[in-house]
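Keep in mind it's a predicted model, so treat the numbers as computed, not measured. Counting starts at 1 for both ligands and their atoms, in listed order.
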Amino acid sequence: MKRDLISMLDVADDLEEIIDLGIKIKKDSKDGRNVEYLKGRSLAMIFEKSSTRTRASFEVGMTKLGGHALFLSPNDIQMGRGETIEDTGLVLGRYVDLIMYRAFKNENVLELARASRVPLINGLDNEEHPCQIITDLMTIKENFGKLAGLDFVYFGDAANNMANSYLLGMALVGMNVKLVAPKQYWPKQHYVDKAREIGKKTGAKVEITDVVEGAAKGADVVCTDTWVSMGDETQKEKRLKEFVGYTVNGKRMAEANKKAIFMHCLPAYYGYEVSKEVAHGPQSVIFDEAENRMWAQMAIMVRLCGVL
Ligand code: CP
Ligand code: NVA
C-alpha cells in the first residue's frame with residue numbers, strides 16, 4: 001500500500017520520527033555524509049498556484065537525495081486543457097516515484113492521490129499545508145530541543161490552510177495551540193474538535209479567541225501568516241480592514257516569553273500581519289524555517305518511499 005501526505009493526520013503515527021529524520025538529514029548533509037537515499041528516483045511537481053519556497057526546496061532537496069524533480073505547470077501540461085486529474089495521475093504514476101501537487105481544491109488533491117500509484121504529497125491546498133507545518137515543528141524542535149508542553153500562539157487568519165494544519169500538528173506533538181483571530185476567521189469546527197480529541201491523548205490544549213491583548217503572554221512561539229491567501233485576492237480590501245489590530249509587532253513579542261521565537265511560513269507582507277522589525281528582528285527564525293522546508297521535505301520523501 002502506498003502512503004500519501006495530504007493532511008497532518010496522515011503523519012499522526014510518526015510525526016516526530018519524520019521531524020527527527022529531517023534534523024538528521026540536515027546534519028549529515030552539512031557534515032558531508034552521503035544522503036542520496038533516493039538515487040535514480042523522480043518527483044513530479046504540479047503547481048496550480050505560485051511558489052518560491054516549495055518549488056525550490058523540493059527541487060533542490062530531490063537533487064540532494066540523488067533524485068530528479070520535474071516542474072509541471074498546468075499551463076503547459078494537458079491538465080490545463082481539460083485532461084482529467086484521474087488520467088493525469090494514472091499516467092504520471094507510470095514515470096515517477098512521487099508526486100507533489102499544489103492545488104486550489106483539496107478534492108483535486110484527493111483525486112490525484114487516488115489515481116496515481118505513487119505517493120502524493122500535498123504542496124498546499126485550500127484546507128492544509130502539511131509540509132510547512134512539519135518544517136515548522138522541526139524548526140521549533142531545533143530551537144527548544146523538545147515540542148510537547150510548549151505554548152504556540154498564532155495571530156491572523158485562523159480559517160486558512162496554515163491554521164488548520166497548525167491545529168492538527170501542534171495537537172499531535174502535545175503543544176498548546178492558541179489561535180487569535182476575528183470571529184469570522186475562526187477555523188471550521190471539525191478541525192477544532194479533532195485537535196481537542198487528539199489533545200486529550202497528547203496533553204495539548206486548544207484555544208481560539210478574538211482577544212489580542214495579552215494573548216501572547218507565556219508563548220514560546222509567536223506566529224502569523226498572510227491575511228490574504230492565494231485564492232482570496234478578491235476579498236483583499238475587506239480582509240485588510242477586518243484584520244486591523246491583529247498585527248504581530250513589538251508589543252505582541254514583548255508579551256511573549258523572553259526566549260520566544262517568531263515564525264512565518266512566508267511570503268510576508270510587512271506592516272500587515274507582521275512588522276518588518278519583528279520579522280527581521282533577533283527573535284525571528286523565518287529564514288531558518290524557509291531553509292528547513294528542504295530538509296523536512298527530504299525526510300518526508302524518504303519516508304513516503306519507504307526507504308527509512
Ligand atoms: N511557504 C510557502 O509555501 O512558500 P511558497 O508559496 O513560496 O512555496
Ligand atoms: N496561507 C497562505 C500560505 C502561503 C504559503 C496561502 O495559502 O496563500
Side-chain angles (χ1 to χ4, degrees), residues 5-8 22 43-62 69 71-74 99-109 121-140 154-170 179-182 184-188 191 221 223-236 239-240 242-243 246-248 262-270 272-274 279 284-298 300-301:
L5 171 59
I6 296 172
S7 162
M8 286 306 294
L43 162 77
M45 309 187 293
I46 306 175
F47 284 93
E48 286 178 6
K49 303 181 187 178
S50 306
S51 168
T52 299
R53 281 143 290 269
T54 306
R55 179 177 176 183
S57 58
F58 264 110
E59 195 160 331
V60 177
M62 196 56 181
F71 172 73
L72 304 174
S73 155
I99 301 173
M100 195 283 315
Y101 185 21
R102 170 167 284 196
F104 280 100
K105 292 188 189 151
N106 175 260
E107 65 218 53
N108 291 350
V109 177
I121 301 169
N122 179 359
L124 176 150
D125 64 19
N126 56 321
E127 293 290 335
E128 288 203 50
H129 195 0
C131 294
Q132 184 70 55
I133 274 55
I134 295 172
T135 299
D136 290 4
L137 289 168
M138 172 181 162
T139 310
I140 295 167
Y154 170 98
F155 292 89
D157 184 359
N160 74 6
N161 40 21
M162 288 294 299
N164 294 337
S165 287
Y166 278 133
L167 272 176
L168 300 175
M170 275 37 190
L179 305 181
V180 189
Q184 63 274 33
Y185 295 104
W186 284 12
K188 284 182 217 135
Y191 283 110
V221 182
C223 182
T224 187
D225 182 22
T226 180
W227 293 340
V228 187
S229 284
M230 291 180 277
D232 292 338
E233 289 81 1
T234 56
Q235 306 165 21
K236 185 170 174 182
R239 283 173 168 259
L240 296 188
E242 288 176 327
F243 280 111
Y246 286 82
T247 305
V248 175
F262 170 74
M263 303 189 82
H264 191 313
C265 67
L266 304 178
Y269 301 92
Y270 301 130
Y272 295 98
E273 75 270 14
V274 63
S284 175
V285 297
I286 59 175
F287 298 110
D288 296 331
E289 196 183 346
E291 177 191 332
N292 282 342
R293 285 294 299 276
M294 182 171 71
W295 307 114
Q297 287 158 189
M298 287 165 73
I300 291 165
M301 291 191 284

For ligand 2, find out whether one of its N or O atoms is nearer than 3.5 Å to an N or O atom of [X].
| X | result |
| --- | --- |
| S229 | yes |
| D225 | yes |
| M162 | no |
| R102 | no |

Please check if any side-chain donor atom of N126 sits under 3.5 Å from a side-chain acceptor atom of N106, or the reverse.
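There is no such pair (donor and acceptor under 3.5 Å, judged by atom type) between the side chains of N126 and N106.
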
Any donor-acceptor pair under 3.5 Å linking the side-chain atoms of S7 with those of E128?
yes

Backbone, side chain, both or neither: what part of K49 comes under 4.0 angstrom of ligand 1, heavy atoms only?
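Answer for K49: neither.
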
Please work out, at 4.0 Å between heavy atoms, whether the side chain, the backbone, both, or neither of R55 comes within that distance of ligand 1.
neither

From CZ (R102) to CD1 (I46), nearest 0.5 Å
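So the gap between those two atoms works out to 13.5 Å.
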
Looking at OH of Y191 and OG of S165, how far apart are the two atoms once the value is rounded to the nearest 0.5 Å?
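Between Y191 OH and S165 OG, I get 7.0 Å after rounding to 0.5 Å.
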
Nearest-contact summary for [atom] - protein heavy atom, Å:
| atom | value |
| --- | --- |
| atom 2 (C) of ligand 1 | R293 NH1, 3.3 Å |
| atom 4 (O) of ligand 1 | R53 NE, 2.9 Å |
| atom 7 (O) of ligand 1 | T52 N, 2.7 Å |

Please identify which atoms of ligand 2 are closer than 4.0 Å to at least one heavy atom of [X].
| X | answer |
| --- | --- |
| L124 | 3 (C), 4 (C), 5 (C), 7 (O) |
| M230 | 6 (C), 7 (O), 8 (O) |
| N161 | 1 (N), 2 (C), 6 (C), 7 (O) |
| N160 | 1 (N) |

Would C265 count as being in polar contact with ligand 1, using the rule that some N or O on each side must be under 3.5 angstrom apart?
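N/O-N/O distance below 3.5 Å exists for this pair.
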
Can the ring centroids of F243 and Y185 be said to lie less than 6.0 angstrom from one another?
yes

Numbering the atoms of ligand 1 from 1, which are under 4.0 Å from a heavy atom of L266?
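Listed by number with element: 1 (N), 2 (C), 4 (O).
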
So do L240 and V228 actually touch side chain to side chain, heavy atoms under 4.5 Å?
yes

Is T224 close to F262 at the side-chain level, that is, under 4.5 Å between some pair of heavy atoms?
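Yes - at least one pair of side-chain heavy atoms lies under 4.5 Å apart.
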
L124 near ligand 1, heavy-atom distance under 4.0 Å?
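Under 4.0 Å: no for L124.
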
Mind checking whether R102 has a heavy atom under 4.0 Å from ligand 1?
yes

Would you say the side-chain atoms of W227 pair up with the backbone N or O of G156, donor to acceptor, closer than 3.5 Å?
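Answer holds: no.
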
With a cutoff of 4.0 Å, is L266 in contact with ligand 2, counting heavy atoms of the residue only?
yes

Hey, is E127 close enough to K188 for a salt bridge, meaning N to O under 4.0 Å?
yes

Result for side chain to side chain donor-acceptor pair (under 3.5 Å) between N292 and one of T139, D136, T135 points to T139

Any chance CZ of F71 has more than 12 other-residue heavy atoms, nucleotides or ligands included, within less than 6.0 Å?
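More than 12 heavy atoms, drawn from other residues, nucleotides or ligands, come within 6.0 Å of this atom.
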
